[in-house]
Amino acid sequence: MQRIKISEILRSEPVNTTVLVKGWVKAFRNNQFIALNDGSTANNLQVVVDFEQIDPATLERIKFGAAIGARGQLIESQGKGQKVEIKASEIIVYGDCNPEEFPLQPKRQTLEFLREKAHLRFRTNTFSAVFRVRHALAFAVHKFFNDRGFYYLHTPIITASDAEGAGEMFSVTTLPLDNPPRTESGEIDFSQDFFRRPTNLTVSGQLEAELGAMALGDVYTFGPTFRAENSNTTRHLAEFWMIEPEVAFNDLHDNMNLAEDMLRYVISYALEHCGDDLRILEERLLEEEKSKPQDQRSEMALTDKLRFVIDNDFVRLTYTEAIDILKNSNPNKKGKFQFPVEGWGTDLQSEHERYLVEKHFKKPVILTNYPADIKAFYMRQDEPKAGVPGQTVSAMDILFPGIGEIVGGSQREERLDKLQTRMREMHISEEELYWYLDTRRFGACPHAGFGLGFERLVLFVTGMTNIRDVIAFPRYPGSAEF
Ligand code: 4AD
Ligand code: MG
C-alpha cells in the first residue's frame with residue numbers, strides 16, 4: 001500500500017478510504033490519540049488507536065519521537081481543531097525512541113540548547129517550520145529570476161581570487177601542514193600544491209558572474225560563500241549562502257529596483273505559501289518578546305512586519321544624507337552611540353544602520369553613494385557633486401529592521417583606466433585579475449549587481465533572532481560540528 005503524506009491528506013480529505021501514513025510521534029494521549037507528523041506540513045494528523053486490533057506490546061512502543069506507520073480508515077474527526085483523523089487498525093513501529101535517552105522533550109526547550117543538538121532539532125515545530133520556510137524562499141528566488149529571464153550561473157567555490165579584496169579567506173591546499181615544500185627563499189612553494197598556486201574558498205561569486213553577464217545579459221548565482229572573519233555575532237556566519245544577480249546595461253537605479261522587487265516577491269511568496277509555518281513562528285516570536293522589556297519589543301507581529309515591507313516603498317537616500325541625519329540625531333548628541341558619528345567618511349556601524357531603519361525611518365532603507373574608501377575596488381566612481389566632500393561610488397546597501405545590512409551591491413566600474421587606477425591604489429594585482437580586466441577591454445558595458453545574504457533573508461522572514469538558527473549546520477568561529 002502506498003504511503004500518503006499528511007499534507008496531502010489534510011488537503012484532499014479522502015474520507016472513508018483506507019490510508020497508510022508514516023511519520024514521527026509528536027504526542028500520545030490517553031493511550032489512544034497519536035499526534036503524527038511527517039514533515040510535509042506544520043500540522044499533525046490525529047491517529048486514533050483501535051485497541052482491539054493492536055497488541056499492547058506495540059502500544060507500549062508508541063513514544064514521543066518514535067517513527068511509526070499507521071494504517072486505517074480516514075474518518076471525519078470528532079475532536080476539535082481537525083477535520084479528519086485515522087482510525088488505525090495497524091501500527092508499525094519503524095524506530096523506537098527511548099524518552100529517557102532522547103534529548104528532545106515534548107515541551108519548550110531553549111534555542112541555545114537545541115543549537116547544541118542541531119542533528120535533532122529539525123524534529124521540533126520551530127525548526128521544521130524554519131527549514132520549510134527556508135526552502136520556500138530558495139525556491140522563490142529561483143522562480144523570480146527564471147520568470148524574468150535570468151540564467152542561473154554556477155560560479156566556482158574554489159578560486160584563486162579575493163573578490164572583495166578584504167582578505168578574509170579560507171585556504172584550500174593539499175600540502176602537508178606540518179612540513180610544506182619551501183622555495184629557496186623559504187616561502188611555502190605553492191607550485192607544488194594541487195592547483196599549482198594558492199587557492200581559497202570563494203567569498204563571493206560576483207567577479208565570475210560579471211563575466212557571464214557580459215554575454216548572457218542577466219545572470220545570478222546562488223551558492224555557498226565563505227568568510228574567515230572572526231565575527232561572533234547573531235548576523236554572521238563563516239559559511240553562508242549568497243544570491244548574486246549581475247545584469248548587463250543596468251545602472252544603480254535599475255539595480256535598486258531589481259533588489260526591491262526581488263525582496264518583495266520572495267517575501268510575498270513565503271506569506272502566500274508558508275501560512276502554517278509562519279503562524280508557528282509568529283507565536284514563537286511573541287513568546288520570546290514577552291521576556292523583553294516593553295520598549296524593546298517589536299511593535300508589529302511577524303506577518304504584519306512582512307506585509308509592511310511588501311506594501312511600502314523602501315526609503316532611498318545617499319550616504320551623505322544619512323551622515324547628516326545621524327550627526328544630528330539624539331543618540332549622537334547625547335553620546336549614546338558606542339561609535340560617535342563625527343563626519344563624512346566614517347564607515348557606518350550596525351548601531352547607526354539600526355537607528356536609521358528602526359528609529360528614524362521605521363522602514364527598509366537603501367543607502368547609496370558611499371565614500372569610495374570604505375567600499376570594494378570594483379564599484380563605479382561617481383562624478384563630483386555639490387555638497388559631497390569626497391569621492392563616492394555607485395554603491396547601495398539595503399538595511400532591514402532587526403537585521404541591518406541584508407543586501408550589498410553596486411554599479412560596476414566598466415571604464416578600464418579608472419578601474420586600473422583604483423586597483424593600484426588598493427594594491428589589488430592586475431596580473432592576477434587580468435581576466436576581469438579583459439571584460440573592460442573587449443566590449444565593456446555599464447552593468448550592476450548585488451549580493452543578498454540568504455540567511456539574513458531567512459532570519460527576517462522567520463523572525464528568528466540568531467543566524468545560527470536558520471541554517472541547518474552553522475559554521476562560526478570555534479564551531480564546525482556535524
Ligand atoms: O556586502 P557583501 O560583502 O557583498 C559582496 O560580497 C558583493 N560581492 C555582492 C555583490 O555585489 N555581488 O555581502 C553581501 C551580503 C551582505 O549584505 C549580507 O547580507 C551577506 O552577504 N553577508 C553575510 N551573511 C552572513 N554571514 C556573513 N559573514 C556575511 N557577510 C556578508
Ligand atoms: Mg556589504
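First listed ligand is number 1; within each ligand, the first listed atom is number 1.
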Taking only heavy atoms of Tyr378, which atoms of ligand 1 are found under 4.0 Å from at least one of them? 7 (C), 8 (N)
Answer yes or no: are there more than 12 heavy-atom neighbours, outside Phe113 itself, under 6.0 Å from its atom CZ? yes
Atom 26 (N) of ligand 1: closest protein heavy atom, distance to 0.1 Å, is Leu237 N, 2.9 Å
Leu367 and side-chain contact (heavy atoms from CB on, under 4.5 Å): which single residue from Val357, Thr318, Leu348 fits? Leu348
Report, in ascending order of atom number, the atoms of ligand 1 lying under 4.0 Å from any heavy atom of Gly409. 11 (O)
Is the Tyr355 ring parallel, tilted or perpendicular to the His360 ring (thresholds 30°, 60°)? tilted
Restricting to heavy atoms, the pick from Arg227, Arg456, Gln206 nearest atom 2 (P) of ligand 1 would be Arg227
In ligand 1, the atoms that come under 4.0 Å of a heavy atom of Glu164 are 3 (O), 4 (O), 5 (C), 6 (O), 7 (C), 8 (N)
When rounded to the nearest 0.5 angstrom, what is the spacing between CG in Asp162 and OG in Ser429? 12.0 Å
Kindly assign one of parallel, tilted or perpendicular to the pair Tyr220 and Phe150, based on the angle between their ring planes and the thresholds 30° and 60°. perpendicular
What atoms of ligand 1 come closer than 4.0 angstrom to any heavy atom of Gly408? 9 (C), 10 (C), 11 (O), 17 (O)
Between Val203 and ligand 1, is there a nitrogen or oxygen pair with a distance under 3.5 Å? no
Among all protein heavy atoms in this structure, tell me which lies nearest to atom 20 (C) of ligand 1, with the distance rounded to 0.1 Å. Gly453 CA, 3.6 Å
Looking only at protein heavy atoms, identify the closest one to atom 19 (O) of ligand 1 and say how far it is in Å. Ile406 O, 2.8 Å
Centroid-to-centroid, His236 to Tyr476, below 6.0 Å? no
Check each of Phe454, Tyr220, Phe240 against atom 27 (C) of ligand 1 and report the one with the nearest heavy atom. Phe240
Looking only at distances, please establish whether an N/O atom of ligand 1 is found under 3.5 Å from an N/O atom of Glu229. yes
Report the part of Thr225 (side chain from C-beta onward, or backbone N, CA, C, O) that has a heavy atom under 4.0 Å from ligand 1; answer both or neither where that applies. neither
Examine Phe400 together with Phe460 and report whether their ring centres are nearer than 6.0 Å. yes
For residues Leu175 and Phe190, determine if any side-chain heavy atom of one lies less than 4.5 Å from a side-chain heavy atom of the other. yes
Counting from 1, what ligand 1 atoms have a heavy atom of Glu244 closer than 4.0 Å? 7 (C), 8 (N), 9 (C), 10 (C), 12 (N)
The Mg ion (ligand 2) reached by Glu405 (N, O or S, under 2.8 Å): yes
Is a salt bridge present between Asp417 and Arg440, judged by a nitrogen-to-oxygen distance below 4.0 Å? no
Is the ring centre of Trp24 less than 6.0 Å from the ring centre of Phe64? no
Consider ligand 1: state whether an atom of it lies below 4.0 angstrom from any non-hydrogen atom of Arg412. yes
Contact between ligand 1 and Arg235 is defined here as a heavy atom of the residue under 4.0 Å from a ligand atom; is it met? yes
Phe400 near ligand 1 by a heavy-atom separation under 4.0 Å: no
Residue, atom and distance of the protein heavy atom nearest atom 14 (C) of ligand 1 read Met242 SD, 3.4 Å
Taking the six-membered ring for Trp and the full ring for Phe, Tyr or His, determine whether the centres of Phe222 and Tyr152 are under 6.0 Å apart. no
Within-shell test, Ala163 vs ligand 1, heavy atom, strictly < 4.0 Å: no
Protein heavy-atom partner closest to atom 15 (C) of ligand 1 - residue, atom, separation in Å: Gly451 O, 3.7 Å
Could you measure the distance from the CZ atom of Arg115 to the CG atom of Asn466? Nearest 0.5 Å is fine. 4.0 Å
Salt bridge check, Arg316 against Glu260: does any charged N sit closer than 4.0 Å to a carboxylate O? yes
Under 4.0 Å to a heavy atom of Val407 - the qualifying atoms of ligand 1, by number: 17 (O)
When distances are taken from atom 1 (O) of ligand 1, the protein heavy atom at minimum range is Glu405 OE2, 3.0 Å
